[in-house]
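These figures come from a predicted structure and were not determined experimentally. Lettering follows sequence order; numbering is per chain, from 1.
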Amino acid sequence: MKEIMIPTIEKINIEGFQRDLVSWFQQEQRELPWRKNKDPYRVWVSEIMLQQTRVDTVIPYFNRFMEWFPTLEDFADADEEKILKAWEGLGYYSRVRNLQSAVQEVRASYNGIVPENPEEISKLKGVGPYTAGAILSIAYGKPEPAVDGNVMRVLSRILMIYEDIAKPKTRKTFEAAVRKLIDHDHTSSFNQALMELGALICTPGKPACLLCPVQSHCLAFESGVQSELPVKIQKKKSRDVPIVAAILTNANGEFLIHKRQSAGLLANLWEYPNFENHAPLQPKREFYKDRFQEIYGVTPEITEPLVRIEHVFSHLVWKVDAYIGEIKEMIDENILRENQLKWVSEAEMAEFAFPVSHQKMMKAYKEKIE
DNA sequence: TAACCGTGGCC
DNA sequence: TGGCCAAGGTT
């Protein structure tokens, strides 16, 4: 175990920094639903939702989640369809499956009490270094670092750290810095203050240094280099994936939906039948009909084009060509089951979680048939 | 380590 | 308009 050196930390007036940062937070913090109390379950849910997701996006999801699952036990007992529906549109869907798995583990192994030490809490699915530190410091007052993108940006400027924050090992440098800087009497406020400052003042583009409560402690401001920090290498471009999809109906006015596989992209979500179109120059309708038969065991009549949708993911882009089609013949129950297919009415469909691109397909369909 | 894993807002 | 960004974790 090699000790991490941060030479510039010697230049910081630590007590003054703590005082200015914490008092600013205690006066200026936003009122947010997960700040109403320190219930570890609520803190936990909020931290998972907030991973890579903006506060304004999370707020309505969090409030609805607490209505649906007020306690840890309620969530532990919920069925998978319901928890995915609670997450529909938030993205990174493994978060909610890991959260339920972890909550069930807490109930089974810890008598329903979220563990308050780093070793145990870090074993829970979906709880990494950041989330562990956030729960421990916010809910339990433990002096643990909670290093997210905000904290790395803020402290890279305060301490003039030029390490590339896109590299995983860099997080350890900032954890070491937080361990030196953290106010042991106000762990919750201190950690949240670093993030709040990053969100409101010490922003990526043009930081509002003139409004900053810790400007007098900031080495980057002192040197006028705050806009050069943090150092972050750019990620490479994502690739395009051409997709053909179809909203398929039967004589009863029902829609054919398909459950995605239990691992990987959009795992366990429902979707309209589709496939990767590796032969985009093929003549359309008969070719598509054959592909649907090969993949799903159903033979639709593709009647007309519906809409083109671009679905941007972190690392790839779906270029979706959506069509409308009909299935005239009766499909055997075994075929439906084996291929994870289901006929549902419009009302029933509302119980299932869909990716955003497929929600857009249905929206376009409804507008078209009006 | 680097790739995978969503989505919406912003400039 | 396209790249960047947002309270990351897993493999």
Side-chain angles (χ1 to χ4, degrees), chain A residues 25 29-30 32-35 42-62 84 87-99 101-102 121-135 137-139 145-154 164-172 174-175 178 188 191-200 202-206 230 232-241 260-269 271 309-318 353-360:
Chain A
F25 176 74
Q29 64 172 298
R30 292 166 290 180
L32 299 171
W34 45 91
R35 288 179 176 166
R42 289 169 61 91
V43 172
W44 187 2
V45 171
S46 74
E47 291 303 339
I48 301 298
M49 283 191 174
L50 285 162
Q51 288 170 6
Q52 300 293 286
T53 312
R54 294 178 187 285
V55 164
D56 289 343
T57 302
V58 167
I59 290 172
Y61 281 92
F62 180 84
L84 282 175
W87 219 262
E88 184 185 46
L90 260 186
Y92 291 137
Y93 296 93
S94 67
R95 288 185 294 176
V96 72
R97 291 187 304 134
N98 287 338
L99 179 59
S101 170
I121 202 170
S122 297
K123 287 180 190 161
L124 299 171
K125 280 187 185 170
V127 178
Y130 164 75
T131 305
I135 297 171
S137 62
I138 295 171
V147 174
D148 71 335
N150 286 309
V151 173
M152 289 197 282
R153 182 173 60 257
V154 169
D164 178 4
I165 67 166
K167 293 193 178 306
K169 62 180 287 192
T170 302
R171 194 196 72 250
K172 297 177 188 299
F174 288 95
E175 286 175 347
V178 171
S188 171
N191 276 343
Q192 291 190 78
L194 286 177
M195 296 187 272
E196 195 85 342
L197 192 67
L200 301 180
C202 196
T203 50
K206 301 185 187 74
K232 187 177 188 180
I233 57 147
Q234 63 185 38
K235 66 173 177 102
K236 52 181 185 180
K237 285 196 307 190
S238 50
R239 69 178 201 281
D240 289 357
V241 178
R260 294 177 62 85
Q261 58 185 104
S262 61
L265 187 67
L266 301 168
N268 286 350
L269 268 67
E271 63 185 1
I309 291 166
E310 186 165 292
H311 190 157
V312 180
F313 298 88
S314 319
H315 58 297
L316 55 88
V317 182
W318 280 356
F354 288 79
V356 165
S357 52
H358 288 248
Q359 295 176 46
K360 287 178 180 170

Pair of N/O donor and acceptor under 3.5 Å linking B/dC5 base with A/R95 side chain: no
Spacing of A/H315 atom NE2 and A/S238 atom OG [to the nearest 0.5 Å]: 9.0 Å
Separation of atom CG in A/D164 from atom C1' in B/dT1, rounded to whole Å: 12 Å
Side-chain N or O of A/Y92 closer than 4.0 Å to phosphate OP1/OP2 of C/dA6: no
Sugar-phosphate, base or nothing in reach of A/W87, heavy atoms under 4.0 Å: nothing
Sugar-phosphate only, base, or nothing, as touched by A/V312 at under 4.0 Å among non-hydrogen atoms: base
Sugar-phosphate, base or nothing in reach of A/I48, heavy atoms under 4.0 Å: nothing
Touch class at under 4.0 angstrom, heavy-atom based, for A/K236 against every strand present: sugar-phosphate
Touch class at under 4.0 angstrom, heavy-atom based, for A/S314 against every strand present: base
Touch class at under 4.0 angstrom, heavy-atom based, for A/R30 against every strand present: base
No-hydrogen, no-angle side-chain donor-acceptor test under 3.5 Å, A/T53 and A/R95: yes
Sugar-phosphate, base or nothing in reach of A/G198, heavy atoms under 4.0 Å: nothing
Contact under 4.0 Å: A/H311 side-chain N or O vs B/dT7 OP1/OP2: yes
Sugar-phosphate only, base, or nothing, as touched by A/R171 at under 4.0 Å among non-hydrogen atoms: nothing
